[in-house]
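Below: the structure, in structure tokens.
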Amino acid sequence: MIKKCIFPVAGYGTRFLPATKSMPKEMLPVVNKPLVQYGVEEALDAGLDEICLVTGRGKRAINDFFDISYELEHQIAGTEKEQYLSSIRDIISRAKFATTRQSEMRGLGHAILTGELLVGSEPFGVILADDLCVCDEQGVMSQLVDIYNRERCAVIAIQEVDEANISKFGVIAGKEVEPGLFVVNDMVEKPAPEDAPSNLAIIGRYVLTPYIFEILRHTPPGKNGEVQLTDALLTMARTSKVLAYKFKGRRFDCGSVDGYVEATNYVYEHIYCAGRDA
Ligand code: UTP
């Protein structure tokens, strides 16, 4: 059973400067919850209750968020404001947290390799908290875990994107073996539209096997001089098996201002107000 989930949260979040100059991007709120809380809730829903945070300088707020704030608890104890803490109290009681630090931002692949210390030799999930996913029934991580339990190999989430946006993503090519499920045979990180092998883009949800660490150790820096997870996954696809699943749900790119605003509007209308007025 998969129990662990890596959250790489060390990045600088430059697209959100100046907001992210002294606060982590992953703590930006979508309505009333920070991005990283949505991610941890999705991991817990999938049964992954060992949360492995790969943090860096300036990210202390994330660790503090997942800890009890005694002064605050004391201050609002017995008042109606206590209800505002119920969701985070629930997470703190259900999840275990471990942290390691990425001292140099050498890319997502390097951040995952840094998480090896916390994950060891087990299969594990990866959630990029700045990709906010909203699903009607099962969360995306839960959808991937179901496939992993059946197939016992790496599974990554993909979505169709239009040509104008394809160069923002890692893109796969593969053979569709059942509706929405592909065996990956090629992958390119942020291709020019004319070089994209398909319109199927990788989003920030993965189930990986520990073999990925072995590959990452030997993966040289790629696009933008960073160790790219996509490059390591391509090696994995060529030497063992990687599946890509067109997940059911919606994804918002909260690492960009436009996607963040879109997510905020959507969550406010469809989740926050719908829950409040129910
Ligand atoms: P992004 O590329 O979206 O994050 O990485 P970023 O680098 O912080 O953003 P910009 O482009 O400067 O605005 C996706 C996720 O991977 C983490 C980030 O924190 C983010 O959650 N990451 C990225 C790391 O933990 N370490 C890295 O070296 C790079």
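Order of listing sets the numbers, starting from 1, for every ligand and every atom in it. Note: hydrogens, waters and symmetry copies are ignored here, and every other heavy atom, side chains too, is used.
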Salt-bridged, [X] to [Y], with N to O below 4.0 Å?
X    : Y    : result
E262 : R250 : yes
E226 : R106 : no
R150 : E178 : yes
R251 : D131 : yes
K248 : D136 : no

In ligand 1, which numbered atoms sit nearer than 4.0 Å to a non-hydrogen atom of [X]?
X    : answer
A111 : 24 (C), 25 (O), 26 (N)
L108 : 16 (O), 29 (C)
M105 : 28 (O)

Handout entry: Close side-chain approach of V145 and S142, heavy atoms under 4.5 Å
Key = no
Test of proximity, [X] against ligand 1: N or O pairs below 3.5 Å:
X    : answer
E104 : no
G107 : yes
A10  : yes
G13  : yes
K59  : no

In terms of residue, atom name and distance, what is the protein heavy atom nearest to [atom]?
atom                    : answer
atom 6 (P) of ligand 1  : K25 NZ, 3.5 Å
atom 2 (O) of ligand 1  : R15 NH2, 4.3 Å
atom 12 (O) of ligand 1 : T14 OG1, 2.5 Å
atom 5 (O) of ligand 1  : D130 OD2, 4.4 Å
atom 17 (C) of ligand 1 : P8 O, 3.4 Å
atom 23 (C) of ligand 1 : G11 CA, 4.2 Å

Exercise for the section: Determine whether the side chains of E71 and Q75 contain a donor N or O and an acceptor N or O closer than 3.5 Å. Expected result: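 Side-chain D/A pair, E71 to Q75: absent.
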Exercise for the section: Go through the side-chain N and O atoms of T219 and Q228 and say whether any donor and acceptor fall under 3.5 Å apart. Expected result: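 No, because no side-chain N or O of T219 sits under 3.5 Å from a partner of the opposite role on Q228.
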Problem - Exercise: identify the closest heavy-atom pair between K81 and I76 - result: O-CD1, 3.9 Å
Handout entry: Part of Q102 with heavy atoms under 4.0 Å of ligand 1, whether side chain, backbone, both or neither
Key =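 The part of Q102 near ligand 1 is the side chain, not the backbone.
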Exercise for the section: Answer side chain, backbone, both or neither: which part of R106 comes under 4.0 Å from ligand 1, heavy atoms only. Expected result: backbone
Problem - Ring-face cation contact, F182 with K246, 6.0 Å cut, 45° max - result: no
Exercise for the section: Please confirm whether E26 comes under 4.0 Å of ligand 1, counting heavy atoms of the residue only. Expected result: yes
Practice task
Rounded to the nearest 0.5 Å, what's the gap from CZ on F252 to CG on D130? Could you check?
Solution key: 14.0 Å
